[in-house]
2 protein chains.
Amino acid sequence: MAEPTPAVTRQSLAAAALRVLERDGLAGLSMRKVAAEVGVRAASLYWHVRNKEELLDLLNDALIADAEIPPREGSWREQFLEYGRRHRALLLARRDAAKVVAGRLAPGPHTLAVLEDQLDRLRAAGFGDADAAMASYLLSAYVQGFVLQEQSPLSAAEAAGASRGEAARAAGETFRTLPGDTYPNLVALADDLTDPDMNTRFEFGLQRLADGLAALLPQGGTASGGPS
Amino acid sequence: MAEPTPAVTRQSLAAAALRVLERDGLAGLSMRKVAAEVGVRAASLYWHVRNKEELLDLLNDALIADAEIPPREGSWREQFLEYGRRHRALLLARRDAAKVVAGRLAPGPHTLAVLEDQLDRLRAAGFGDADAAMASYLLSAYVQGFVLQEQSPLSAAEAAGASRGEAARAAGETFRTLPGDTYPNLVALADDLTDPDMNTRFEFGLQRLADGLAALLPQGGTASGGPS
DNA sequence: ACCTGAACACCGTTCAAGT
DNA sequence: ACCTGAACACCGTTCAAGT
């Protein structure tokens with residue numbers, strides 16, 4: 001024990017990257033800044049990490065580290081929904097988290113733990129092996145796709161500082177004033193298409209997924225599940 | 001008529017960006033290269049476009065330009081599925097297309113045309129205004145999330161040139177050799193989790209979505225839809 | 001109206017050299 | 001074993017200046 005404790009570890013690197021991400025966003029996350037954050041020069045990072053890609057893999061798993069496993073109570077459906085909601089909340093909590101996680105498949109230890117637990121519940125609910133594997137993949141594709149859109153600015157105006165609500169109102173106006181003979185549906189649904197209530201929108205998709213999966217189970221049919 | 005035809009137009013810029021994307025990928029797409037492709041110096045681009053973001057918006061819509069509207073035949077379900085499949089195929093056809101499209105909400109003219117048509121079919125099928133709007137959003141979130149994963153390398157090995165099949169086999173081996181007492185499900189489902197058949201995986205999710213949406217319609221219940 | 005040259009403040013990565 | 005200085009080949013963007 002009492003090892004020389006090296007100044008930089010892969011863990012301290014991930015923590016530093018997390019802080020830079022929060023401060024400057026993914027576009028502003030550079031090797032030089034992470035190095036500075038950890039009190040060292042950029043070239044030194046390459047002793048601990050092959051390249052920036054590998055640093056982003058560390059960051060990816062660090063983002064998942066805060067995931068809390070939902071309680072094991074209620075129907076499989078309620079647990080499935082809760083998984084989706086927590087995953088979204090986790091990504092929303094950190095700046096640009098969806099962008100970091102999105103194209104990154106290499107699972108770190110935290111990701112593995114969550115996946116293991118999720119598969120366990122799906123199998124216990126009665127899903128076959130292939131279905132369970134695909135269901136968990138499906139859920140994460142949806143959540144990541146959704147939050148990716150949610151975290152990216154609706155327009156140049158929002159990127160420049162306008163609120164989501166203002167941006168949505170402007171987008172609605174754009175749709176509403178489109179030529180009504182070529183775009184009758186866009187005009188008619190302008191408000192629905194630009195509704196800024198992302199919680200409702202997310203929940204809609206999540207319920208559809210749950211319904212679709214429910215149809216795979218023996219006792220299938222019971223779609224939207226009334227009161228218990 | 002016979003205008004002086006400027007050398008560079010926003011359209012020629014989009015076309016040039018498309019070629020650079022195909023050749024060098026999104027990471028290799030720089031203002032300097034696009035400028036060279038169009039026979040001009042980097043600084044000149046800023047006359048036609050505010051910044052790189054705006055160039056990427058052009059590229060985004062150019063990617064959608066090839067979209068073909070599916071034939072208006074069969075059930076709403078079959079048309080919905082076909083929409084999903086074509087959207088995926090479109091993204092898969094161009095290098096890094098999902099990464100370009102992913103966080104980009106500002107819809108260009110081609111995107112609007114597709115959306116208009118899609119909403120028309122959903123409403124004709126009997127979906128309410130809000131449901132139609134959310135259903136189309138749901139489908140695009142799923143497709144984008146899915147293809148984003150599909151187009152990104154499974155591992156460093158695949159990025160370095162290994163085939164998808166090899167990478168999948170290696171990933172399966174990683175899961176299978178995990179400690180069986182802490183990860184029993186990952187070990188048991190190793191093959192299912194790393195199955196490289198992306199078509200089946202995509203189709204699975206698409207069918208679940210369709211089932212979930214079907215449950216919203218008055219004549220609901222009939223989930224996976226047998227032969228017509 | 002459209003394009004250029006030159007510059008500014010950055011990048012990721014390599015590598016010999018230090019300790 | 002771990003870190004640095006210096007360099008290389010790039011970036012996006014601005015701006016005065018050209019035509």
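Throughout, protein chains are lettered first and strands after them, A, B, ... in sequence-line order, and every chain is numbered starting at 1.
- With B/Phe202 as the aromatic partner, B/Arg88 meets the cation-pi criteria of under 6.0 angstrom to the ring centre and within 45 degrees of the ring axis.
- Minimum interatomic distance between A/Tyr137 and B/Met198 (heavy atoms only, all atoms of both residues): OH-CE, 4.0 Å.
- By the 6.0 Å contact criterion, CZ on A/Arg50 is open, its count of non-hydrogen atoms from other residues, nucleotides or ligands being 12 or less.
- Of the candidate nucleotides D/dG12, D/dC3, D/dC15, D/dG12 has the atom lying nearest to any side-chain atom of B/Arg32.
- Proximity note for B/Ser44 (side chain, C-beta onward) versus D/dC3, C/dT14, C/dC3: the nearest is C/dC3.
- In this entry D/dT13 has C/dA7 as its Watson-Crick or G-U wobble partner, both defining distances falling under 3.5 Å.
- Nearest nucleotide to the side chain of B/Lys33, out of D/dC3, D/dC11, C/dT13: D/dC11.
- When distances are taken from the side chain of A/Met31 to each of D/dG12, C/dG12, D/dC2, the shortest belongs to C/dG12.
- Residue A/His48 places no side-chain N or O under 4.0 Å from the OP1 or OP2 atom of D/dA1.
- For the pair A/Leu45 CG and C/dC15 P, the computed distance is 17 Å after rounding to whole Å.
- Distance from the side chain of B/Lys52 is smallest for D/dT13 among the nucleotides D/dT13, C/dC3, D/dC3.
- Relative to the side chain of B/Trp47, the nucleotides C/dC15, C/dT13, C/dC2 differ in distance, and C/dC2 lies closest.
- Under 3.5 Å, the side chain of B/Arg41 and the base of C/dG5 form no donor-acceptor pair of N or O atoms.
- For the pair A/Arg50 CZ and C/dT14 C1', the computed distance is 15 Å after rounding to whole Å.
- Separating the CG atom of B/Leu55 from the C1' atom of D/dC11 is a distance of 15 Å, rounded to the nearest angstrom.
- Across the protein-nucleic acid pair, B/Tyr46 atom OH and D/dA16 atom P stand 17 Å apart, rounded to whole Å.
- More than 12 heavy atoms of other residues, nucleotides or ligands shown are found within 6.0 angstrom of CZ on B/Arg19.
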